[in-house]
2 protein chains.
Amino acid sequence: MSVAAINYDLSMGRWEPDARGRLEQAALALYAERGFEQTTVAEIAKRAGLTERTFFRYFADKREVLFWGAGSLQEFLVGTLASAPDSAAPIDAVAAALEAAGALLQERREFSLKRQAVIAANTGLQERELIKLASLASAMAEALRRRGVRDPAASLTAEAGIAVFRIAFDRWINESSQRDLPQFIRESLDDLKAVTAGR
Amino acid sequence: MSVAAINYDLSMGRWEPDARGRLEQAALALYAERGFEQTTVAEIAKRAGLTERTFFRYFADKREVLFWGAGSLQEFLVGTLASAPDSAAPIDAVAAALEAAGALLQERREFSLKRQAVIAANTGLQERELIKLASLASAMAEALRRRGVRDPAASLTAEAGIAVFRIAFDRWINESSQRDLPQFIRESLDDLKAVTAGR
DNA sequence: ATAGTGATGGCAGCAACTGACATCACTTGT
DNA sequence: ACAAGTGATGTCAGTTGCTGCCATCACTAT
């Protein structure tokens with residue numbers, strides 16, 4: 001293992017900044033190299049210059065380290081949704097928020113590719129991703145309710161939005177074409193509208 | 001603990017029939033009584049008159065014991081979808097299959113209530129449920145493709161169907177009204193159609 | 001009877017995760 | 001400058017989920 005592959009060095013003591021970030025980087029690198037199951041938490045911690053116990057202070061479990069960004073993504077979506085014009089139909093407000101979020105994700109395509117490859121290789125990680133998406137749906141449904149949308153429409157709109165996002169994201173990751181993620185989202189929404197219209 | 005609460009007796013040797021069923025019943029009972037995390041696999045096995053090692057021969061992990069039925073549900077859905085008339089629009093064929101499956105679930109409402117209460121109390125179990133639903137969606141998408149539906153439409157239709165089912169099932173479980181689950185599904189689909197039409 | 005077969009038990013071991021407590025680096029008040 | 005305080009980290013022991021390996025049991029076929 002080359003020294004360059006390690007993201008700490010011996011001159012670091014305790015209290016080196018950004019322990020969480022170092023753990024995230026170390027985990028993603030190791031999961032990508034050897035696979036999720038073949039990586040122990042102790043190895044991640046060691047690579048980050050910390051101990052296993054400290055890992056579990058930052059992340060609830062071995063999987064969560066890949067999903068720390070979900071929180072800020074959720075905040076962004078809810079915020080964008082809340083500031084949409086009142087005139088927008090709920091489904092379009094949701095789509096607009098997802099497109100904006102997609103534009104952000106797009107800026108880190110390399111990272112997204114690497115991360116998704118790791119997740120795709122392990123069912124436990126897929127489970128975690130699904131519950132994060134479900135959490136996003138709940139948060140968006142709540143934001144819609146604050147806009148006066150009633151249930152079940154609010155929940156259905158949010159769930160439909162997440163379905164659209166999932167399909168669009170999947171195509172963005174797996175198709176070599178360099179098209180825009182927001183563009184994929186728009187197209188998927190149009191497809192959903194066609195499909196639910198019985199076409 | 002009363003003797004009646006135990007689903008084996010000392011006259012049983014090895015080779016008593018339906019080990020899997022006994023494990024399922026024991027697990028659901030214990031998860032409902034003390035909660036999922038407070039129940040050890042050893043306790044489940046003991047209650048079923050077996051050992052921990054045997055539990056893991058029947059179920060891949062402690063959560064899976066609650067989801068054994070998902071396989072047959074998936075077969076049923078795919079079969080029903082495959083035998084829908086060619087004239088039916090994809091979304092309506094999916095809805096019809098889901099309604100038929102809902103009619104089956106309805107026959108065991110007590111069991112469904114108990115099981116959902118256990119799942120609702122634990123995020124790990126919710127994760128597992130989500131991936132089972134995602135698997136259902138994949139299987140339905142594949143069935144649609146065999147009907148000639150192309151791909152983003154097939155995936156989107158299946159995902160939308162699962163979203164409809166989730167919302168309908170949730171209402172069926174949590175609303176005291178004794179309305180039909182298939183009826184909830186129809187209504188949720190209508191809501192989705194309205195919502196995606198921009199209303 | 002004997003050998004074979006499939007289900008089960010027993011045991012050792014690893015890794016994920018947790019609680020309790022010690023220790024260190026840095027800050028604050030005086 | 002020094003002591004007390006604070007928050008992040010280390011250390012260690014323990015539980016539990018889960019797996020591999022081999023022995024054992026009940027039953028079946030020849």
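Letters A, B, ... mirror the listed sequences (proteins, then strands); counts begin at 1.
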How close or far is atom [atom2] of [N] from atom [atom1] of [X], stated in whole angstroms?
{"X": "Leu50(B)", "N": "dG9(C)", "atom1": "CG", "atom2": "C1'", "result": "10 Å"}
{"X": "Ile44(A)", "N": "dC17(C)", "atom1": "CD1", "atom2": "C1'", "result": "13 Å"}
{"X": "Asp18(B)", "N": "dA7(C)", "atom1": "CG", "atom2": "P", "result": "14 Å"}
{"X": "Glu64(A)", "N": "dC17(C)", "atom1": "CD", "atom2": "C1'", "result": "14 Å"}
{"X": "Lys46(A)", "N": "dG10(D)", "atom1": "NZ", "atom2": "C1'", "result": "16 Å"}
{"X": "Asn122(A)", "N": "dA16(C)", "atom1": "CG", "atom2": "P", "result": "12 Å"}

- Message: What I want to check is whether an N or O donor and acceptor connect the side chain of Arg57(B) with the base of dG6(C) at under 3.5 Å.
- Response: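 Answer is no: no donor-acceptor pair is held.
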- Before accepting this row, confirm whether a basic side-chain N of the pair Glu43(B)/Arg47(B) lies closer than 4.0 Å to the acidic partner's carboxylate O. no
- Query: Between Asp61(A) and Arg128(A), is there a side-chain N and carboxylate O pair less than 4.0 Å apart?
  - Reply: yes
- Given dT9(D), is OP1 or OP2 found less than 4.0 Å from the side-chain N or O atoms of Tyr58(A)? yes
- Message: Please determine whether a side-chain nitrogen or oxygen atom of Thr51(B) lies at a distance below 4.0 Å from atom OP1 or OP2 of dG9(C).
- Response: yes
- Message: Do Phe165(B) and Leu136(B) sit in one hydrophobic cluster, given that two such residues count as connected whenever their side-chain heavy atoms are within less than 4.5 Å of each other, even indirectly?
- Response: yes
- Message: Counting neighbours of CZ on Arg108(B) that are heavy atoms of other residues, nucleotides or ligands and sit closer than 6.0 Å, is the number greater than 12?
- Response: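 Atom CZ in Arg108(B) is not packed in, count stays at 12 or less.
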- So, does Arg63(B) use its side chain to make a donor-acceptor pair with the main chain of Glu127(B) at under 3.5 Å? no
- Query: Reading nucleotides 13-20 of chain D 5' to 3', which nucleotides get B (base under 4.0 Å from a protein heavy atom), which S (sugar-phosphate only), which -?
  - Reply: ----SBBB
- Item | Glu187(B) CD to Asp191(B) CG distance, which is reported to the nearest 0.5 Å |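 Answer rounded to 0.5 Å: 7.5 Å.
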